[in-house]
There are 2 protein chains.
Amino acid sequence: MARPARIPCEEVLRSMKTVFRENGYDGASMADLAAKTGLAKAALYHHFPGGKEDMAAAVLDEISGWMKEHVLGPLSVPGVPREKLRRLSEALNEFYDGGQSSCLIGAFSIGEAMTLFQGRLGAAVRGLMAAIAKVLIEAEIPERVALSRAEDAVIRIQGALVVARALRDTRPFTRLLRRLPDDLLSALPDAVSDR
Amino acid sequence: MARPARIPCEEVLRSMKTVFRENGYDGASMADLAAKTGLAKAALYHHFPGGKEDMAAAVLDEISGWMKEHVLGPLSVPGVPREKLRRLSEALNEFYDGGQSSCLIGAFSIGEAMTLFQGRLGAAVRGLMAAIAKVLIEAEIPERVALSRAEDAVIRIQGALVVARALRDTRPFTRLLRRLPDDLLSALPDAVSDR
DNA sequence: GTCTATAATAGGATAGAC
DNA sequence: GTCTATCCTATTATAGAC
């Protein structure tokens with residue numbers, strides 16, 4: 001056995017994730033992180049010697065793991081496409097807290113964080129797009145259309161989160177998630193759209 | 001005549017807009033703003049006594065004016081809907097520099113800026129949505145569908161900017177703009193989508 | 001591993017000369 | 001209107017005791 005699963009560490013990561021989601025990278029201060037985690041700043045540096053950058057990286061990795069387990073994994077497993085997409089909407093609704101929590105892909109794609117984490121951000125977007133496209137291809141949708149729709153889905157998810165926050169109204173996001181499975185699997189028009 | 005149009009001020013606003021778009025609100029420092037505008041910090045405070053908050057507000061107001069003139073105005077004027085939507089795409093392409101520049105609605109919807117400017121952000125989103133919906137209604141699209149599609153368009157615009165930055169590839173954004181007019185005016189399916 | 005205390009620096013803001 | 005110089009606070013980061 002490699003390591004005794006450190007339970008408190010998960011709690012610390014959860015708190016840090018909240019701080020970064022609410023404040024972005026530049027807006028999150030060590031004081032914020034210390035307050036939210038309940039640890040002193042020095043204790044945080046003990047666990048994350050690289051400071052804020054290390055903490056943000058750890059949060060992104062933790063999210064990546066959660067996504068692989070709860071989102072990408074279930075999409076890759078054999079199953080009814082529509083049902084899998086319905087569960088995707090549910091998982092996203094949970095992850096983004098019904099549209100109330102921001103996405104770090106958006107929050108970290110400006111300022112210093114953009115240069116620091118561009119690799120992780122791009123990988124996250126590409127991973128989700130690929131997983132959705134795979135389900136659509138499984139549903140007999142031509143690859144080209146599947147890739148286009150998958151990209152559009154990720155675009156809409158990100159955009160709905162922005163719009164929901166700007167309007168202080170989560171309904172644009174929840175509406176989107178409700179329509180997402182049908183939209184992704186809808187019949188092909190006439191090759192007019194989906195170019 | 002009220003005032004001799006101050007030309008240099010526009011230049012200063014342009015520079016500040018760039019700084020906020022690249023760094024967000026928390027990530028933009030007075031030093032950044034001074035360097036980019038070529039003015040000393042004290043000179044900036046002379047024009048914007050409220051400091052960074054004043055500067056960001058001025059930038060948002062300037063953008064709001066540009067949008068009204070180059071985006072919302074042309075949409076409200078009599079004309080062929082498809083043609084007006086095509087010009088909308090062109091204006092957005094110009095404003096967001098082909099997808100390379102971020103949108104302050106997204107950048108300012110986290111952290112301190114979110115609470116400071118929530119009114120302006122919501123108004124900007126609602127204004128664009130309403131202008132697009134009006135064109136669709138003009139094109140004989142039922143109001144309910146028009147409102148839904150207009151919301152979706154704004155969502156996609158915001159999302160495509162996020163995705164383009166995360167991927168460091170502007171094509172998702174340019175592709176979106178190209179399809180936007182057709183997508184907005186496409187024939188109604190079966191009342192399956194657009195609920 | 002966690003704390004208090006503190007160093008070092010960056011950031012926001014102002015004073016006062018020109 | 002613009003500058004240099006300065007103040008004060010917040011922020012990052014570390015030292016050293018427990």
Side-chain angles (χ1 to χ4, degrees), chain A residues 2-60 62 107-108 110-117, chain B residues 2-60 62 107-108 110-117:
Chain A
R3 214 114 224 294
R6 52 260 150 100
I7 297 155
C9 184
E10 310 234 319
E11 195 61 33
V12 168
L13 278 174
R14 270 181 53 90
S15 300
M16 296 196 307
K17 179 169 65 181
T18 300
V19 173
F20 283 121
R21 267 150 67 122
E22 287 175 356
N23 303 105
Y25 184 74
D26 293 306
S29 72
M30 291 298 303
D32 294 332
L33 291 159
K36 194 77 171 183
T37 58
L39 290 174
K41 287 190 270 183
L44 286 178
Y45 277 101
H46 175 77
H47 294 287
F48 307 95
K52 207 162 76 160
E53 183 178 338
D54 258 20
M55 299 178 211
V59 166
L60 288 176
E62 194 268 343
F108 281 9
I110 50 171
E112 204 192 343
M114 184 179 184
T115 59
L116 290 175
F117 305 115
Chain B
R3 214 108 224 297
R6 51 261 152 95
I7 298 156
C9 183
E10 309 235 319
E11 195 60 34
V12 168
L13 278 174
R14 269 182 54 89
S15 300
M16 295 196 307
K17 179 170 64 181
T18 301
V19 172
F20 284 121
R21 266 148 74 119
E22 288 176 355
N23 302 103
Y25 184 74
D26 293 307
S29 72
M30 291 299 303
D32 294 333
L33 292 160
K36 196 77 171 182
T37 57
L39 291 173
K41 285 193 271 182
L44 286 178
Y45 276 99
H46 175 78
H47 294 287
F48 305 96
K52 205 163 78 162
E53 183 179 338
D54 258 20
M55 299 179 211
V59 166
L60 288 176
E62 194 267 343
F108 281 10
I110 51 170
E112 204 192 343
M114 183 178 186
T115 60
L116 289 175
F117 304 115

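Letters A, B, ... mirror the listed sequences (proteins, then strands); counts begin at 1.
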Within a strict 4.5 Å, meaning less than it, do heavy atoms of the [X] and [Y] side chains meet?
| X | Y | answer |
| --- | --- | --- |
| B/Met30 | B/Leu33 | yes |
| A/Lys36 | A/Thr18 | yes |
| A/Leu13 | A/Val59 | yes |
| A/Asn23 | B/Ile110 | no |
| A/Met16 | A/Glu62 | no |
| A/Phe108 | A/Leu116 | no |

Separation of [N] [atom2] from [X] [atom1] (nearest whole Å):
| X | N | atom1 | atom2 | answer |
| --- | --- | --- | --- | --- |
| A/Phe48 | D/dT12 | CZ | P | 15 Å |
| A/Leu33 | D/dA13 | CG | C1' | 14 Å |
| A/Leu44 | D/dA15 | CG | P | 17 Å |

Residues B/Ala28 and B/Val19: closest non-hydrogen pair is CB-CG1, 3.7 Å
Go along nucleotides 3-18 of chain C 5' to 3' and tag each nucleotide: B for a protein heavy atom under 4.0 Å from its base, S when only backbone or sugar atoms are that close, - otherwise.
BB-------BBBB---
For A/His46 and D/dT14, is the shortest distance between a side-chain N/O and OP1 or OP2 below 4.0 Å?
no
Please work out which of the three classes, parallel, tilted or perpendicular, describes the rings of B/Phe20 and B/Tyr25, given edges at 30° and 60°.
parallel
For the helix from C/dG1-D/dC18 to C/dC18-D/dG1, measure the angle between the helix axis at one end and the axis at the other, each built from five pairs, rounding to 10°.
0°
